[in-house]
**Student:** 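Below is one structure. I have some questions about it.
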Amino acid sequence: MDLVGIKPSDYHAKKAFHEEVEKTEKKILQAISNKVEKTCARKLAIDPIRHVLDKSKGPYLSLKHWGLNSQSAIVLAQGLMHRSDIELLNLEDNSIEWEGVKAIAEMLEENIYITHLNLSKNKIGHFGAMALGYMLQLNSNLIHLDLSGKYKCTRVFGEGVK
């Protein structure tokens, strides 16, 4: 019996071909989905940061040269909010911009146990500097803050301290 001019042998061949195409499309979509999930996890750094926080035992936490961005700094700040065992936090030479610095500053308004913070060679910007200046008005326990690097934020930093 012909279906719209297709002979039975052609019909089965085309059906098998379309089924194979569907299987391939599903595999491709699954691969893309897996890659997107991994990319999102890497960009947000939720799992790696939580793992580091779970395994860290103070007093020193160094994430120097980790390639952290603002999103991972936000996750880190949330994880450190109530930690009393970390005293020295080294975030030198990452890609943390003002949003991440703001989250760290807000964390330090609550966390009085961190006494040393190194944010050198990050991209803290004017808003990050202002957030740190404001935090210093509230947190007298931070005795060392390293902001060295290629950027100029001292004027704005001073505005936050006023």
Side-chain angles (χ1 to χ4, degrees), residues 1-111 113-114 116-132 134-135 146-151 153 156:
M1 173 178 187
D2 289 348
L3 294 174
V4 192
I6 300 174
K7 296 178 183 172
S9 59
D10 290 340
Y11 173 77
H12 292 293
K14 287 185 179 184
K15 183 178 177 186
F17 173 77
H18 287 291
E19 289 173 352
E20 192 62 33
V21 168
E22 285 180 7
K23 286 180 189 176
T24 303
E25 286 176 342
K26 285 181 183 178
K27 287 180 184 177
I28 291 170
L29 289 174
Q30 185 62 44
I32 290 170
S33 176
N34 290 342
K35 185 163 183 136
V36 167
E37 287 175 8
K38 287 178 184 176
T39 301
C40 288
R42 189 171 34 251
K43 283 191 176 189
L44 294 177
I46 291 172
D47 292 335
I49 294 296
R50 287 194 180 143
H51 177 75
V52 167
L53 289 172
D54 289 344
K55 299 295 179 189
S56 69
K57 294 180 176 44
Y60 184 71
L61 178 59
S62 178
L63 301 174
K64 180 179 179 178
H65 308 301
W66 268 49
L68 301 178
N69 60 21
S70 290
Q71 291 298 317
S72 52
I74 291 168
V75 172
L76 177 66
Q78 291 169 349
L80 290 174
M81 184 69 72
H82 302 290
R83 292 281 298 263
S84 60
D85 59 328
I86 305 294
E87 297 173 16
L88 295 99
L89 179 59
N90 185 355
L91 300 174
E92 179 183 350
D93 195 22
N94 283 287
S95 297
I96 302 171
E97 296 182 356
W98 75 268
E99 299 95 335
V101 174
K102 180 177 179 275
I104 291 167
E106 289 171 352
M107 175 270 297
L108 288 171
E109 290 173 16
E110 301 293 324
N111 184 321
Y113 300 100
I114 296 176
H116 291 72
L117 174 62
N118 185 346
L119 283 170
S120 64
K121 300 178 185 173
N122 279 284
K123 303 172 185 177
I124 69 169
H126 291 99
F127 292 119
M130 287 184 72
L132 289 170
Y134 180 74
M135 174 274 301
D146 187 344
L147 299 176
S148 60
K150 296 180 181 178
Y151 47 83
C153 62
V156 176

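Each residue takes its place number in the sequence, starting with 1.
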**Student:** Do you know the tightest heavy-atom contact between A131 and A105?
**Tutor:**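 Of all heavy-atom pairs spanning A131 and A105, the closest is O-CB, 3.6 Å.
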**Student:** So, S72 side chain and L68 main chain: donor-acceptor pair closer than 3.5 Å or not?
**Tutor:**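 Checking the backbone N and O of L68 against the side chain of S72, no donor-acceptor pair under 3.5 Å is found.
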**Student:** Is there side-chain contact between N122 and V101, with heavy atoms separated by less than 4.5 Å?
**Tutor:**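 Side-chain contact under 4.5 Å: no.
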**Student:** With a 4.5 Å heavy-atom cut-off, do I114 and L88 have their side chains touching?
**Tutor:**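 The answer is no; the side chains never approach within 4.5 Å.
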**Student:** Is the side chain of N111 donor-acceptor paired with the backbone N or O of L108 at a distance under 3.5 Å, no angle test?
**Tutor:**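 Not a single qualifying donor-acceptor pair exists.
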**Student:** Donor-acceptor pairs are to be reported for all side-chain atoms of residues 76-84 against protein atoms at under 3.5 Å, with residues two or more places apart or in another chain.
**Tutor:**
| from | atom 1 | to | atom 2 | distance (Å) |
| --- | --- | --- | --- | --- |
| R83 | NE | D85 | OD1 | 2.8 |
| R83 | NH1 | L53 | O | 2.9 |
| R83 | NH2 | S56 | O | 3.1 |
| R83 | NH2 | S56 | OG | 3.1 |
| R83 | NH2 | D85 | OD1 | 3.3 |
| R83 | NH2 | D85 | OD2 | 2.9 |

**Student:** Between I124 and L147, is a side chain to side chain contact (heavy atoms under 4.5 Å, CB included) present by the stated rule, with each step listed?
**Tutor:** CA-CA 9 Å; I124 69 169; L147 299 176; 4.0 Å; yes
**Student:** Taking side chain to side chain contact (heavy atoms under 4.5 Å, CB included) as the test, write out the residues that go with E19, two or more places apart.
**Tutor:**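 Once residues adjacent in sequence are excluded, the partners of E19 under the side chain to side chain contact (heavy atoms under 4.5 Å, CB included) criterion are K15.
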**Student:** Within a strict 4.5 Å, meaning less than it, do heavy atoms of the E106 and K102 side chains meet?
**Tutor:**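 Contact flag for E106/K102 side chains = yes.
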**Student:** At their closest point, which heavy atom of E99 faces which heavy atom of I74, and how far apart are they?
**Tutor:**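 Smallest interatomic distance, heavy atoms only, reads O-CG1, 4.2 Å.
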**Student:** Tabulate below the donor-acceptor pairs under 3.5 Å that side-chain atoms of residues 57-66 make, not counting sequence neighbours, or state none.
**Tutor:**
| from | atom 1 | to | atom 2 | distance (Å) |
| --- | --- | --- | --- | --- |
| Y60 | OH | N90 | ND2 | 3.3 |
| H65 | ND1 | D93 | OD2 | 2.7 |

**Student:** Do the side chains of L119 and I104 get nearer than 4.5 Å, heavy atoms only?
**Tutor:**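 Yes. Closest side-chain heavy atoms under 4.5 Å.
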**Student:** Within a strict 4.5 Å, meaning less than it, do heavy atoms of the E109 and Y134 side chains meet?
**Tutor:**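 The answer is yes, as the side chains (C-beta and beyond) meet within the 4.5 Å cut-off.
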**Student:** If only atom types and distance count, is the side chain of S70 paired as donor or acceptor with the main-chain N or O of E97 below 3.5 Å?
**Tutor:**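 Yes: the side chain of S70 pairs with the backbone of E97.
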**Student:** Please check if the side chain of N94 supplies one atom and the backbone of E92 the other of a donor-acceptor pair under 3.5 Å.
**Tutor:**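 It does hold such a pair.
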